[in-house]
Structure formats: C-alpha cells, structure tokens
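Worth knowing before you read on, the calculation uses all heavy atoms, side chains too, and leaves out hydrogens, waters and symmetry mates. Please read all numbers here as calculations on a predicted model, not as lab measurements.
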Amino acid sequence: EIINSILIFVLVAITAYYAIQTRKTVMELQSQRALGVRPVVIPKQLNIHDPQAGGGKYSCIQSELENIGNGPALKIHLMVYDPETGREIAKSTNLIDYLTKDSVTDDSHVHIGNKELNGISYKQQEDGTMSSELRIVMHYEDIYGSLHFSERIFILEKGERLLRPGIGTFDLQSKTIERLKHKFRS
C-alpha cells in the first residue's frame with residue numbers, strides 16, 4: 001500500500017506539472033494572438049485650417065492617420081494635449097469607424113477652440129523661433145474589443161498652421177496614456 005500511495009502521489013504531481021505547463025502555453029498563445037491583430041494608429045500629419053469655423057470660435061485640425069499595426073483599428077479617437085500643462089485642449093467629436101492594416105485616412109478632424117489654440121504655451125528655441133510640442137494621443141479598439149493607445153509629439157511653430165512630427169516621438173506607454181487607461185477603466 002505504501003508503494004501504491006507513492007505512485008499515486010507521483011502521478012498527481014506529474015499531472016499538476018503538465019497542467020501548469022499547458023496553462024502557460026495557452027497564455028502565451030493568447031498573447032501572441034493578441035499581438036498578431038493589434039492595431040497601432042499614429043497621426044502622420046496635422047494641419048490647422050479654417051480659423052473662422054463656428055463663427056470664429058474654433059479652428060479645425062485635419063489629421064492624416066496611419067495604422068502601422070497588424071490588425072484593423074476600430075472606433076478611433078484623437079485627443080490633443082498641451083505638454084506644458086498636461087491639459088487636454090481638443091478631442092475628436094467624430095470617430096473613425098475603422099482603419100485597416102497599412103492603410104491611411106485623412107477623414108479625421110478635430111475642432112480646437114481658438115481660445116485654446118491661442119492659449120498654447122510656446123518656448124523659445126535656440127534658433128530664436130517660438131514653438132510648442134503638442135501631444136497627440138489616439139485611442140482605438142482591436143477586433144476583440146480591447147482598448148489601445150498610442151501617442152506622438154508634433155511641433156507647432158507660433159504663427160504656423162502645419163504641425164510637423166517630432167523625431168523619435170512615437171510612444172505606446174507614456175504617462176499620459178497610463179493616466180487615460182486608468183480613466184477609461186474606471
């Protein structure tokens with residue numbers, strides 16, 4: 001009977017080990033599947049136009065968006081933050097329904113109040129120009145309904161209407177994104 005009890009214990013231990021390994025394999029496969037369909041939407045270009053919209057109350061920011069991820073992005077929204085204050089200064093009121101892998105759209109535009117636009121804080125650069133780094137944050141869903149965020153910095157020179165992307169400024173895990181994740185989960 002002692003040998004029988006030892007054999008049963010060994011069999012239970014081996015079964016538990018294989019159950020744990022199987023669970024780890026399943027979790028890894030789920031993670032890979034999610035990465036395989038994860039969209040990554042970035043704004044390629046932003047342009048401020050029509051400063052007399054809404055009777056002069058707001059301007060429009062036309063944005064060209066690109067999905068560089070592996071899967072389609074759904075329910076795409078764009079928000080603009082002043083990085084000096086961390087304050088949201090504009091967000092899209094219309095959403096883009098979807099953007100497939102490797103596709104580009106220029107359908108997105110954001111209304112920004114002229115008061116907010118004129119209130120952006122600028123810094124003097126070494127070359128004497130005044131510019132501001134606007135933080136553009138996108139949020140969107142994948143095909144499983146998981147919410148994703150991406151962020152990119154754009155440079156706005158005072159008096160200009162075309163925003164140029166900052167170099168090396170694409171981010172999926174910034175402090176702004178972490179704060180927004182918490183906001184959307186609560």
Side-chain angles (χ1 to χ4, degrees), residues 4-46 61-83 85-111 133-155 163-186:
N4 231 5
S5 297
I6 291 172
L7 288 175
I8 290 173
F9 176 77
V10 169
L11 184 60
V12 168
I14 290 171
T15 304
Y17 171 78
Y18 280 115
I20 291 169
Q21 293 306 314
T22 301
R23 178 67 183 142
K24 286 180 182 178
T25 302
V26 167
M27 290 172 60
E28 179 65 27
L29 288 172
Q30 287 173 337
S31 174
Q32 288 179 5
R33 184 186 70 194
L35 287 175
V37 297
R38 189 199 192 293
V40 178
V41 177
I42 61 168
K44 288 180 65 173
Q45 183 175 346
L46 298 172
I61 299 177
Q62 185 69 36
S63 59
E64 183 178 319
L65 309 177
E66 181 178 20
N67 182 359
I68 61 171
N70 292 322
L74 310 170
K75 301 178 185 174
I76 304 165
H77 290 272
L78 182 144
M79 297 163 287
V80 181
Y81 289 85
D82 182 338
T85 63
R87 184 175 56 92
E88 180 185 284
I89 57 175
K91 66 180 176 182
S92 56
T93 53
N94 63 321
L95 77 106
I96 297 173
D97 292 328
Y98 67 94
L99 189 59
T100 58
K101 177 182 177 352
D102 296 327
S103 64
V104 176
T105 183
D106 61 359
D107 284 349
S108 179
H109 72 277
V110 177
H111 294 154
E133 294 183 345
L134 296 180
R135 190 175 306 274
I136 310 301
V137 178
M138 311 291 306
H139 70 88
Y140 42 91
E141 294 180 7
D142 63 23
I143 59 172
Y144 297 114
S146 297
L147 189 60
H148 300 283
F149 294 85
S150 53
E151 175 181 308
R152 191 168 192 189
I153 301 291
F154 276 79
I155 311 298
L163 288 85
R164 56 184 164 76
I167 297 173
T169 59
F170 177 65
D171 197 348
L172 296 173
Q173 297 297 325
S174 72
K175 289 180 182 177
T176 305
I177 289 174
E178 291 306 314
R179 192 171 55 247
L180 285 170
K181 283 181 181 177
H182 179 71
K183 175 182 170 184
F184 279 93
R185 287 186 183 132
S186 9

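The closest donor-acceptor contact from the side chain of Ser63 to the backbone of Pro43 lies at 3.5 Å or more, if one exists at all. No donor-acceptor pair closer than 3.5 Å links the side chain of Asn70 to the backbone N or O of Arg38. Put simply, the side chain of Tyr140 gets close to the backbone of Val41: a donor and an acceptor are under 3.5 Å apart. Asn4 places no side-chain N or O within donor-acceptor distance of the main-chain N or O of Ile8, the cut-off being under 3.5 Å.
The two residues Pro39 and Gly71 make their nearest non-hydrogen contact at CB-O, 3.3 Å. For Ile143 against Val37, the heavy-atom pair with the smallest separation is CD1-CG1, 4.0 Å.
Of the inter-residue distances, the one linking Leu46 atom CG with Leu134 atom CG reads 8.5 Å to the nearest 0.5 angstrom. Here the straight-line distance linking atom CG of Leu99 with atom CG of Leu65 works out to 6.5 Å at 0.5 Å rounding. Rounded to the nearest 0.5 Å, atoms CE (Met79) and CD1 (Ile89) are 12.5 Å apart. Of the inter-residue distances, the one linking Arg164 atom CZ with Gln45 atom CD reads 13.0 Å to the nearest 0.5 angstrom. How far CD1 of Ile136 is from CG of Leu163: 6.5 Å, rounded to the nearest 0.5 Å. Within the model, atoms CD1 of Ile61 and NZ of Lys91 stand 14.0 Å from one another, a figure rounded to the nearest 0.5 Å.
Ring orientation note: the planes of His139 and His77 are close to parallel, at an angle under 30° on the 30°/60° scale.
Residues meeting the salt bridge (charged side-chain N to carboxylate O under 4.0 Å, His left out) test with Glu64, sequence neighbours left out: Lys44. Judged as a salt bridge (charged side-chain N to carboxylate O under 4.0 Å, His left out), and not counting sequence neighbours, Arg87 has no contacts. By the ring pair (Phe, Tyr, Trp, His ring centres under 6.0 Å) test, His148 is found to be paired with no residue, residues two or more places apart in sequence or in another chain being considered. Taking Ile6 as the reference, Ile2, Val10 meet the side-chain contact (heavy atoms from CB on, under 4.5 Å) condition, with sequence neighbours excluded.
Listed by first and then second residue, the salt bridge (charged side-chain N to carboxylate O under 4.0 Å, His left out) pairs involving residues 136-146 are Lys75-Glu141 (not counting sequence neighbours). Within the structure, no pair that satisfies the salt bridge (charged side-chain N to carboxylate O under 4.0 Å, His left out) test touches residues 8-21, not counting sequence neighbours.
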Applying side chain to side chain contact (heavy atoms under 4.5 Å, CB included) to Val80 and Glu88, what does each step give before you reach the verdict?
CA-CA 6 Å; Val80 181; Glu88 180 185 284; over 6 Å; no
